[in-house]
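Residue numbering restarts at 1 for every chain, and letters A, B, ... go by the order of the sequence lines.
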Protein chains: 2
Amino acid sequence: MTATQESLGAPRGFDAFDASCPSRRLLDAIGDKWVSLVVVALGLRGPLRYSQLSAQIAGVSQKMLTQTLRGMERDGLLLRTVTPSVPVRVDYELTPLGASLLDVLRHVKEWAEAHMGEVDAARAAYDARPPAS
Amino acid sequence: MTATQESLGAPRGFDAFDASCPSRRLLDAIGDKWVSLVVVALGLRGPLRYSQLSAQIAGVSQKMLTQTLRGMERDGLLLRTVTPSVPVRVDYELTPLGASLLDVLRHVKEWAEAHMGEVDAARAAYDARPPAS
DNA sequence: CTGTATCCTGTTAGATACTG
DNA sequence: CAGTATCTAACAGGATACAG
């Protein structure tokens, strides 16, 4: 395992092969279905309340939404504001850091728009080819 | 659920909230631990044989490596070349499409290098704060 | 309204053993 | 060498019920 770190690892302090490396944690973040959805939702619609997010993302369970929100808050991706009114009110908004993550997602979006057709074509071709000789 | 697609969905034909949308499939792709590792490995070291990949990525099981490789081949991300020598030899190399995915990963890398310190700081601050009043 | 706690199920991935 | 097949353990995630 150490061999991997040395042979392929961090040419300049960056090693995606090391699970503890920041890059891996970021991949975990943007790779997470709900995280990316929350980032996009907040990025597109500005600050939202818990119930609004719940409605927007429709399909997310309370458990996953809360869990995702907590994790993102912990990572400094969003700000959680509690207003102690009679029925409690909680607003969530992207921090500048969270907004910058939205930019990364935008790059992903661009790649998808530019190349996803190729992927579909490749997939169709692969599935159509004879099941080996 | 349909409400979500309409309210937040594809302002211009792109809807990350739709699981069948290309963007989601891409997220699934780059979010996958092993896919990103294989892309980086092949991108950094050029064509590699199965056994070399297995060694490079150290920690991946045969099952996951094969599964990942098959999926990537299907998606047109890499090319699989079988040389029917006495002991069979199989080489894997990135296609132009796969190489372009490496570029996306590069953006991710840059974001990580630029902001991951902030994430760590936020996390430390969050973990250090009192467990609520 | 905004969560927390619990149970329960499906998927996933690692280990292991075997084949062309 | 380069896989395939099978079994099982771990865990993520959904449903549900309840609380501040």
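The C1' atoms of five pairs define one axis at each end of the helix from dC1(C)-dG20(D) to dG20(C)-dC1(D), and these two axes lie 50° apart (to 10°).
The phosphate of dG3(D) has OP1 or OP2 within less than 4.0 Å of a side-chain N or O from Tyr92(B). For Arg89(A), no side-chain nitrogen or oxygen approaches OP1 or OP2 of dG3(C) to under 4.0 Å. The side chain of Arg70(B) places an N or O atom within less than 4.0 Å of a non-bridging phosphate oxygen (OP1 or OP2) of dG3(D). Neither OP1 nor OP2 of dC1(D) sits under 4.0 Å from any side-chain N or O of Ser85(B). Using a 4.0 Å cut-off, no side-chain N or O of Arg49(A) falls inside it from OP1 or OP2 of dC1(C). Neither OP1 nor OP2 of dT4(D) sits under 4.0 Å from any side-chain N or O of Tyr50(B).
dC1(D) atom C1' lies 15 Å from atom CG of Leu48(B), rounded to whole Å. Per the geometry, CD belonging to Glu73(A) stands 13 Å off C1' belonging to dT2(C), to the nearest Å. Residue Asp91(A) contributes atom CG, which lies 15 Å from atom C1' of dG3(C) at whole-angstrom precision.
At distances below 3.5 Å, at least one donor-acceptor pair connects side-chain atoms of Trp111(B) with backbone N or O atoms of Ser100(A). Formation of a donor-acceptor pair under 3.5 Å by the Thr95(B) side chain with backbone atoms of Gly76(B) is found in this model. Counting only distance, with no hydrogens or angles, the side chain of Ser85(A) and the backbone of Thr83(A) share a donor-acceptor pair below 3.5 Å. Between the Asp75(A) side chain and the Leu77(A) main chain, no donor and acceptor come within less than 3.5 Å of each other.
With contacts defined as side-chain heavy-atom distances shorter than 4.5 Å, the pair Leu105(A)/Val39(A) qualifies.
Residue pairs meeting the side-chain hydrogen bond (donor to acceptor under 3.5 Å, both in side chains) criterion with at least one partner in residues 59-68 of chain B, sequence neighbours excluded, are Tyr50(B)-Thr66(B).
Across the interface with DNA chain C, nearest-nucleotide mapping of Ser51(A) and Val88(B) shows Ser51(A) to be the residue nearer the 5′ end.
A salt bridge between Arg49(B) and Asp91(B) is absent, with no side-chain N of the basic residue lying under 4.0 Å from a carboxylate O of the acidic one. Between Asp103(A) and Arg106(A) there is a salt bridge, since at least one side-chain N of the basic residue sits less than 4.0 Å from a carboxylate O of the acidic one. Between Lys109(B) and Glu113(B), at least one side-chain nitrogen of the basic residue sits less than 4.0 Å from a carboxylate oxygen of the acidic one, meeting the salt-bridge criterion.
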Got a list of protein N/O to nucleotides 13-16 of chain D N/O distances below 3.5 Å?
| residue | atom | partner | partner atom | Å |
| --- | --- | --- | --- | --- |
| dG13(D) | N7 | Lys63(A) | NZ | 2.7 |
| dG14(D) | OP2 | Ser61(A) | OG | 3.4 |
| dG14(D) | O6 | Lys63(A) | NZ | 2.7 |

